Each structure stands twice: as structure tokens, then as C-alpha cells.
Amino acid sequence: MSHARTVLWLSCPLRLARILCRAQLMKHKTQRSPCPPAMENGTQPCEEHPPAATVTEGAAKIVFPNANEVFYNPVQEFNRDLTCAVITEFARIHLETKGIQIKVPGEKDLQKESENLSEQEKETAEQKELENLDPGDQTRTAAVGEICEEGLRVLEGLAASGLRSIRFALEVPGLQSVVANDASARAVELIDRNVQLNGVTHLVHPNQADARMLMYQHQKASERFDVIDLDPYGSPAPFLDAAVQAVNDGGLLCVTCTDMAVLAGNSGETCYSKYGAMALKSRACHEMALRIVLHSLDLHANCYQRYVVPLLSISADFYVRVFVRVFTGQAKVKSSARIKFSAACGPPVTPECEHCGQRHQLGGPMWADPIHDLDFVGRVLEAVTTNPGRFHTSKRIQGVLSVVTEELPDVPLYYTLDQLSSTIHCNTPSLLQLRSALLHAGFRVSLSHACKNAVKTDAPPLALWDIMRCWEKECPVKRERLSESSPASRILAVEPRLKANFNIREDANPSSRQQGLKRFQANPEANWGPRPRARPGGKAASKDPEERRRLLQNKRKEIAEDPVQRAARLKTFPCKRFKEGTCQRGDQCCYSHSPAAPVASADTPLTDCPETITKISAKPEAAGGGAAGPGVD
């Protein structure tokens, strides 16, 4: 022990000496740095970090470093465009109560536009209106790029390059300030450079801090933010507790989740540890993911006598995005357990499903109230439709929001056409046929923005399976091929009580489908999707991404065995049916029919040694007169 203590005691001065040497070395390097003193605050690009690319998105222009130091994904342009549209409408609502009107580039001021009046008459009429108004009643306006003293205070907790914050400053009117925060010093340096490049230093303020600590420092009512945007790499779970405390009463909270493998049911226990709910691996997993995130947000807010009201919840591409308002109210918090969530109790069902005979799966808890505010969604949709040139992804925003307005707000989750058809092994009806059958039966039905072939309906499962039974009679299934215990056999064994009508109805085709709106995005580029995490050292994720993807494919699956090796391996096992005298395959049997196969000599010890097992296994081949096949050893 004394020797060990001595070694540890001596190692401390050695480590201290090394640290001092490194500090002196870095000091000399700094003195010889080719960058001028102005480089320390990021006012000019340094030669050590030359920009490799310039990206223009919306009204912003961003430079990026050569290495993978700062995260950026161009596929999420739809996410950023939609966020700008939502915050714009939120600012319009927020400032209308204060008598301030916002001016959005490209929008026409319908209140002041008069086509029948000449320019001189317009100026005279406007001058008379201003003279008749009291000084305190004159309409105030807020334009893009200007500081509005009574405007929104915005926080982007994980800003990376600062693209989103800069776009807020250049495209969203009615802002007082935007804090672009990031924990990485290199990212904050890049944010500062991009802010100066776009000329928004008066609005966007770069800040380096842990997002959680920054939000915890703004818990006081006077220091809270009106809008908080969280778009982390992966799960936002570590930031939710701080976010619901740092947002103002009635403020807007925007959250993105890209850990869809967890939220879609691939790892239920991980989902429970992060969001407090069990996710089910089902066809409706994307909407269930939205409802789990809303439940988690409301659960965090309830701890502080606050609750959330969803404005818009979107499942797009490889992520989900929710926009909620946070309010304070003890009475509403108490009602959350009874209205939004069911109390913990046994399900009012039998242990097995009455239709297919399979066991039930229990998931949740999750949000059961509407996940959209249709009035607010209508305002955003109208603003984007009347000003389509504002965003690059305006067509997709129109299509997605149009489907959102058509969704049944009081019906959680949905079915899919392929799910219903594959369950009973029949041909798939068209979307219009199934929707028409449900409408003829007196039920409501809608699409879902989360899935192309989704069917959201208030029809009970019994009526829905009756419709599928009627469809199976028109497209019969070979029932002799179905197992008696299979779900298809049990469902089709019951005669339908409902007579379905599959004649196409005019109202079966929704308006968004008739207009051919762009509801679902085509692949924008090859191998698009989540990008690799940014690395502090700036090391690239891989020199050849294609080769890396190929190597990582099916890495958790067992390598397929060679057929010859598999045949030789199976021949080492005795055939049980041959022992019983019932094997009729003869030489074509994959197992050994040699009586010497299971017999070991008395001198051979029965151990688990691999060499012993190999010697015993090789005897059947020798007895059969053939050499041992490949892979036996």
C-alpha cells in the first residue's frame, strides 16, 4: 500500500508539470498565430477555420467550417419554414392585443388597399384618418428586422450554426430579441460570424451556455421567454423540465424529437425512461409518438402548476415537431389526470381480443385530447396560401396543414389499409372504397398527415371488421390455407352483421386529395435522413459515407451460414424420427441416420471440451465412408 501511495503522490507533480508545459506551448502558439487580435471575438474569419461552404436558406446566408464541427441538415428546411410561419402567426396574435400590427414581406395590406381610388385620393384619405385619430390610438406597426420593444423574446436553446435564429430575425416581424445559445464554443464563434454576415447583430445575441442552466436562470416571470425553440440531436427529454419553467405564461414552446426509433416502439423501456410512457410498435406509431411527447410535456408542466395547449403537432420525415402554448392554472392541472389521461386501472376488455383472439398490448399513457388547434392552423394555412413565395417549402406546408384541418380531432390514432388487409390475407381495397363504405355506414372518416394510407374513423372495431368481412366475400380468401388459430381464420369465421356498400361517394375523396396538394415529401436527395452528430474536434464522420453505411447495415444480424457448411453441421446430429422408425426421408434427411452418431466410446470422456465434441462428431462421417464435410471442424 505504501508503494502505491508513493506512486500516486509522485504522479500528481508530474501531471502538474505536464499541464504547465502544455499551457506554455499553447501560449507560444497563440503568440505566433496568423490571426489578428480582432479574430478572438469572431469578427473576421480566421485562417485556422476557413469556411468550406456557404448555404442560403430563406433570407439567411450561412457559412460552415470544413470539418463536422457544427450540425446542419438541409432536409429540415421544412421544419424551419414551418416554424417561421407558426411564430409569425403567434406574434400577430400576441401583438394584436397591444395594438401593434405586423408587416410580413409579400403580404398585401388589405385594410389599406383600395383599387378604385387614385394615389392622390389614397394619400388624402389616409391623412384624414390619421388626423381624426388620437395620438395614443394611432396604429403601430412592427416590421421584419426591426426591434419591437413590446415584441417577442425568443430563445433557441441549441442553435448550432445560428441558421434558425438568423432566419427568425430576417423573416419574422415583431421580435424584441433572439438569443442563439449553444454549449459549443466553436458553434458560438460560428454563430457570431454568421450574425455579422447577415447584419442582425441588433436582434440576435449569441450566447454560450448549457441550455438547461440558461433556462433555469430565467424562471422568474419578468425574465421568461415568449418563445423557446428546442431542436436537439436526438431526444429533447433532458431539456423539457427547464423549458416549461422558462417560457412565459401563454408563451410558445416548439420541440423537435428525432429519436423516432424510441418513440415508434423499437425500445419501449427506453421510451418509458425518457418520456414516461410505453410506445407500441404499431402502424399508428407516428401519431402515438406525437401523443407521447405531448403527454411528457404536460407532465413536466403539471409539476409547476402549469399545463400545455397544443397548437400544431406534425410527424414529418424522420422526426416529430410539436408547437404548444404553456399556461398557469391549478384547476386545469388537476383536471389533466381525469380528462387528458386515464387513471391507472385494468382495461375494460377480456384478456384476449374478441375479434382475433390475440393478447392485448398495453401502451401509454399518452395525450388523448386534440393535438391541433384548428383555428390557429387555419390562420397559418391562410397566411402561407396567400403568400406562397415566402418559403421554399410553401407547397408542402399547404398540403400538410390542409390534411391537418381535415383530420378528425376527437379520434386518437388510426388504421392503415395494408394493416387491415394483411390481417385477413385478402386483397387491399382502394382508399376511396373503404372510406365510402364507412360513410355509407354512418361513420366519420378522415386521412392523417402522419401516414399516406391511414384511415382515421370513429367506427368501432366490430363495424370495421364487418366491412372487411364483406370485402373478403367479394375477393375470397383460400380459407383452407389458413390456420385455425390464426387471426384471419377467427375474424372470417364470424358472419358480418353490417352489410357494407363500397360504391364510391363524392365526399369520400377529401379536398386536399382532389387538389393534388403535396402532402408527403419525395426523397430530396440520396441517402437523406438524420445526419451524424457534430464532433467537438471537427473530425469528419467518415471519408466515404456510402462505404460506412454499407458496413453498418445488418450489423446486429447473424451472418448467413453457407449452405454446404449448414448441411455438414446438421449431419452431425442424429435423427430422432429414425430412432423411432418413422423417418421416411431416407438419404434425403438432413440429419444423420447412422446408429454410431450418438454413441460414444467408453474411453471417451463426456466433457464440454470443443476438441472432444469435434472427435465424436467426426465419427458418423467416417462410418459412412465419406470425408468430413466443410465446416464440421
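Small disclaimer: the values here were computed from a predicted structure and weren't measured.
Across every non-hydrogen atom of Pro236 and Thr256, the tightest pair is CG-O, 3.7 Å. Smallest separation of non-hydrogen atoms from Val204 and Ala169: CG2-CB, 3.7 Å. Taking each heavy atom of Gly151 and Leu95 in turn, the nearest pair found is CA-CD2, 4.0 Å. Annotation for Ala59 and Asn198: closest pair O-OD1, 4.2 Å, computed over non-hydrogen atoms. Asp231 approaches Leu158 most closely through the heavy-atom pair C-CD1, 4.2 Å. Nearest heavy atoms, Ser184 versus Gln208: C-NE2, 4.2 Å.
A donor-acceptor pair is defined here as one N or O able to donate and one able to accept, closer than 3.5 Å; such a pair exists between the side chain of Asp373 and the backbone of Asp375. The closest donor-acceptor contact from the side chain of Asn207 to the backbone of Val179 lies at 3.5 Å or more, if one exists at all. In this structure a side-chain-to-backbone donor-acceptor pair under 3.5 Å is missing from Ser315 to Ala450. Using a distance-only test at 3.5 Å, with no hydrogens or angles considered, a donor-acceptor pair links the side chain of Gln245 to the main chain of Asp241. With Asn302 contributing its side chain and Asp298 its backbone, the two residues share a donor-acceptor pair below 3.5 Å. Proximity of a side-chain donor or acceptor of Asn387 to a complementary backbone N or O of Pro105 within less than 3.5 Å is detected. For the pair Ser296 (side chain) and Ile292 (backbone), a donor-acceptor distance under 3.5 Å is absent. Side chain of Arg325 to main chain of Gly250: a donor-acceptor pair is present (N/O by atom type, distance under 3.5 Å, no hydrogens or angles). Judged purely by atom type and a 3.5 angstrom limit, Asp182 uses its side chain to pair as donor or acceptor with the backbone of Ala160. Side-chain N or O atoms of Arg390 include none that pairs as donor or acceptor with a backbone N or O of Val384 at under 3.5 Å.
Within 6.0 Å of OH in Tyr272 there are 12 or fewer heavy atoms belonging to other residues, nucleotides or ligands. More than 12 heavy atoms of other shown residues, nucleotides or ligands fall within 6.0 angstrom of atom NE2 in His202. Other residues, nucleotides and ligands contribute at most 12 non-hydrogen atoms within 6.0 Å of the NZ atom of Lys281. For Gln219, the CD atom counts as densely surrounded, since its 6.0 Å shell holds more than 12 non-hydrogen atoms of other residues, nucleotides or ligands.
One finds the CD1 atom of Ile397 at 13.0 Å from the CG atom of Leu517 (value rounded to the nearest 0.5 Å). Note that CG of Asp192 and CG of Leu197 are 11.5 Å apart. Values are rounded to the nearest 0.5 Å. Atoms CZ and CG, from Arg153 and Asn248 in turn, are 8.5 Å apart once rounded to the nearest 0.5 Å. Summarising the geometry, atom CD1 belonging to Ile102 is positioned 8.0 Å from atom CD belonging to Glu96; distances are rounded to the nearest 0.5 Å. Between atom CG of residue Leu447 and atom NZ of residue Lys452 there is a gap of 13.0 Å, rounded to the nearest 0.5 Å. With rounding to the nearest 0.5 Å, the separation of CG in Leu280 from CD in Gln361 is 5.5 Å.
The existence of a salt bridge linking Lys103 and Glu107 is excluded, since no basic side-chain nitrogen approaches an acidic carboxylate oxygen closer than 4.0 Å. With respect to Arg167 and Asp81, a salt bridge is recorded, a charged nitrogen being found less than 4.0 Å from a carboxylate O. Using a cutoff of 4.0 Å between basic side-chain nitrogens and carboxylate oxygens, Arg186 and Glu189 are scored as salt-bridged. The existence of a salt bridge linking Arg379 and Glu382 is excluded, since no basic side-chain nitrogen approaches an acidic carboxylate oxygen closer than 4.0 Å. Residues Glu407 and Lys456 are not paired through a salt bridge, judged by the lack of any N-O separation under 4.0 Å between the basic side chain and the carboxylate.
Looking only at side-chain heavy atoms (C-beta outward), Val195 and Ile166 come within less than 4.5 Å of each other. Val377 has its side chain out of reach of Leu311: every pair of non-hydrogen atoms, C-beta onward, lies at least 4.5 Å apart. Put simply, the side chain of Arg321 does not reach to within 4.5 Å of the side chain of Gln76, judged on heavy atoms. Looking at Val322 and Trp367, their side chains never come closer than 4.5 Å, going by heavy atoms from C-beta outward. No side-chain heavy atom of Ile191 sits less than 4.5 Å from a side-chain heavy atom of Asn181. Put simply, the side chain of Arg291 reaches to within 4.5 Å of the side chain of Ile371, judged on heavy atoms. A 4.5 Å side-chain heavy-atom check between Tyr414 and Glu287 finds at least one atom pair inside the cut-off. Under the 4.5 Å side-chain criterion, counting only non-hydrogen atoms from C-beta, Ile314 is not in contact with Asn79.
Results of the side chain to side chain donor-acceptor pair (under 3.5 Å) test with Glu150 over Arg140, His94, Gln176 single out Arg140 as the only residue that passes.
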Exercise for review: Output, in order, the C-alpha distance, side-chain angles, deciding distance and verdict of side-chain contact (heavy atoms from CB on, under 4.5 Å) for Val255 and Ile228.
Suggested key: CA-CA 8 Å; Val255 181; Ile228 295 181; over 6 Å; no
Exercise for review: For the pair Arg80 and Glu77, evaluate salt bridge (charged side-chain N to carboxylate O under 4.0 Å, His left out) and give the outcome as yes or no after the intermediate values.
Suggested key: CA-CA 5 Å; Arg80 291 182 282 269; Glu77 182 181 5; over 6 Å; no
Check your understanding: Please walk me through it: do Glu406 and Ser512 pass side-chain contact (heavy atoms from CB on, under 4.5 Å)?
Key -> CA-CA 8 Å; Glu406 296 170 351; Ser512 62; 2.9 Å; yes
Practice item. Given side-chain contact (heavy atoms from CB on, under 4.5 Å), test Leu294 with Val324 step by step and report yes or no. Key: CA-CA 8 Å; Leu294 291 174; Val324 300; 3.6 Å; yes
Practice item. Dump the intermediate steps for side-chain contact (heavy atoms from CB on, under 4.5 Å) on Lys61 and Thr54, then the final yes or no. Key: CA-CA 7 Å; Lys61 186 178 181 181; Thr54 302; 3.4 Å; yes
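Phe225 and His218 have tilted rings, their planes meeting at an angle from 30° to 60° on a 0 to 90° scale.
Considering only residues two or more places apart in sequence or on other chains, Phe323 meets the ring pair (Phe, Tyr, Trp, His ring centres under 6.0 Å) condition with none of them.
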